[in-house]
Number of protein chains: 2
Amino acid sequence: MSQNQILQSLIAENLVSDPNGARGRLLKEAARLFREKGYERTTVRDLAAAVGIQSGSLFHHFRTKEEILKAVMVETIGLNTALMQAAMEAADTPKDKLRALVRAELESINGQTGEAMAVLVFEWRSLSADSQADVLELRDIYEALWLDVLGALRDQGRLLAEPFVVRRMLTGALSWTVTWYRPERGGLTLDGLTDQVMAMLGFPATS
Amino acid sequence: MSQNQILQSLIAENLVSDPNGARGRLLKEAARLFREKGYERTTVRDLAAAVGIQSGSLFHHFRTKEEILKAVMVETIGLNTALMQAAMEAADTPKDKLRALVRAELESINGQTGEAMAVLVFEWRSLSADSQADVLELRDIYEALWLDVLGALRDQGRLLAEPFVVRRMLTGALSWTVTWYRPERGGLTLDGLTDQVMAMLGFPATS
DNA sequence: CAATACCAAGCAAGCGCTTGGTTTGTAAAC
DNA sequence: GTTTACAAACCAAGCGCTTGCTTGGTATTG
């Protein structure tokens, strides 16, 4: 399944809003603004202006501003869990699976859903405690994917550190790329960056 | 020189405010609040209450709220650059120097200056563009420390990835520990965590 | 002819910051 | 050793503005 096919099926299941619909367009703009200025600095007037409506009209679609932030996060996690699963199924060995996961996460962070991923990382504290708990539950699902693969590599003796520590280090390292990695201005492609991450972990590039 | 001696000499040079003085106490509380609630969610009334003065009185010490954030960052970078330099000078081989840097950064992030370090990472966007440029200049000084050491390891053939990529990955990975690493509740000590990071990079624990 | 989507207007609360005046610490002058 | 001088530190009050959100009404759509 291609990335677009996955997206389509999630839309069909109503797990992700259609980006052409009113709700989907708003969430996309919200992700952009939240990333650019941060949640707190983004006003409901900013959000409304971005989709061309009055600020009060927002509250027809969402009850509170926080609900918008939460929706961005929930949909992003849903989409990415599906993408990770698909990426992993296409690979055979644990090493290849790890590479697939790293590449998929880098793609999520630096690709089309990048804005939403950055929001997920940097605006976490702006969620209420209740919402944090809800979102955390969803995150655990795809963290398990990583731990399985890293555990297998550890059993093979090809990973010297603890899987759960490595996963957390990778979470930080890969998320952080959003602050510096700029594929458009020359140098490192996404595959090149993936190779660098693998090399850092002691897995030389295959090509 | 011990960590405390370094701090004392920086205070003497007026590069860091005395934490017993009014300004130093405010900056310490500011770091705590900024980390806990984020810069935007922290009001000048919160800051004032934390040190037991009226909100208006803050502006006798700082011209704007942003100046407080900037001061936290500038002083933190200054202190940490000194700590890193000291840690590195005590080590001989590139590998030992890398370990010293990793350990020192983990200590900064998770120790006494941890709150300020977290602010440095997560509240970056809340600085004005001008202030960002000022702070960035200071950061470059200690980034150079890392690149030197990583470059030496690369030359030795003990590092497969590019130094500048590894440094950026480590920045993310080590910063991220602030969100999950809790030394107090059992398990991993700071040295243990340092070992894990080194192991992840392909350097088995020495002990 | 509902239901959905929106607008225009504005409210109450909270924000960063200013103001004019008072207290406190310090050190020289008597 | 009390008095005088003065700046630094602080308070009490509140200004002007922005914030998230509400309200009552009007288009639009199936």
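What you see is a predicted model; the values in this text were computed from it and never measured. Numbers restart at 1 for each chain; the letters A, B, ... are given by sequence-line order, proteins then strands.
Between the CZ atom of A/R63 and the P atom of D/dT22 there is a distance of 11 Å, given to the nearest Å. For A/R41 and D/dG20, the CZ to P distance is 13 Å, given to the nearest whole Å. Counting to the nearest Å, the P atom of C/dG16 and the CZ atom of B/F62 are 15 Å from each other. Between the CG atom of B/L58 and the P atom of D/dC11 there is a distance of 10 Å, rounded to whole Å.
Salt bridge status for A/R99 with A/D195: present, with a side-chain N to carboxylate O gap under 4.0 Å. For the pair A/R154 and A/E162, the salt-bridge criterion is met [side-chain N within less than 4.0 Å of a carboxylate O]. Using a cut-off of 4.0 Å between Lys/Arg side-chain N and Asp/Glu carboxylate O, B/K37 and B/D46 are scored as salt-bridged.
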Next on the checklist: With salt bridge (charged side-chain N to carboxylate O under 4.0 Å, His left out) as the criterion, how do B/R25 and B/E29 come out once you've worked through the C-alpha distance, each side chain's angles and the decisive distance to 0.1 Å?
Outcome noted: CA-CA 6 Å; B/R25 271 203 350 269; B/E29 290 297 317; over 6 Å; no
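Within residues 24-36 of chain A, no residue has any heavy atom under 4.0 Å from DNA chain D.
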Would you list the protein and nucleotides 5-8 of chain C atom pairs, both N or O, that sit under 3.5 Å from each other?
| residue | atom | partner | partner atom | Å |
| --- | --- | --- | --- | --- |
| C/dA5 | OP2 | A/H60 | NE2 | 3.4 |
| C/dC6 | OP2 | A/H61 | NE2 | 2.7 |
| C/dC7 | OP2 | A/Q54 | N | 2.6 |
| C/dC7 | OP2 | A/S57 | OG | 3.0 |

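A donor N or O paired with an acceptor N or O is not found under 3.5 Å between the base of C/dG14 and the side-chain atoms of B/R45.
For the pair B/K65 and B/Y39, the cation-pi criterion (under 6.0 Å, within 45° of the ring axis) is fulfilled.
In this structure, CE on A/M169 lies 12.5 Å from CH2 on B/W176, to the nearest 0.5 angstrom.
If you check the side chains of A/D96 and A/T93, you find a donor sitting under 3.5 Å from an acceptor. Counted by atom type alone, A/E66 and A/S131 present one or more donor-acceptor pairs between their side chains at under 3.5 Å.
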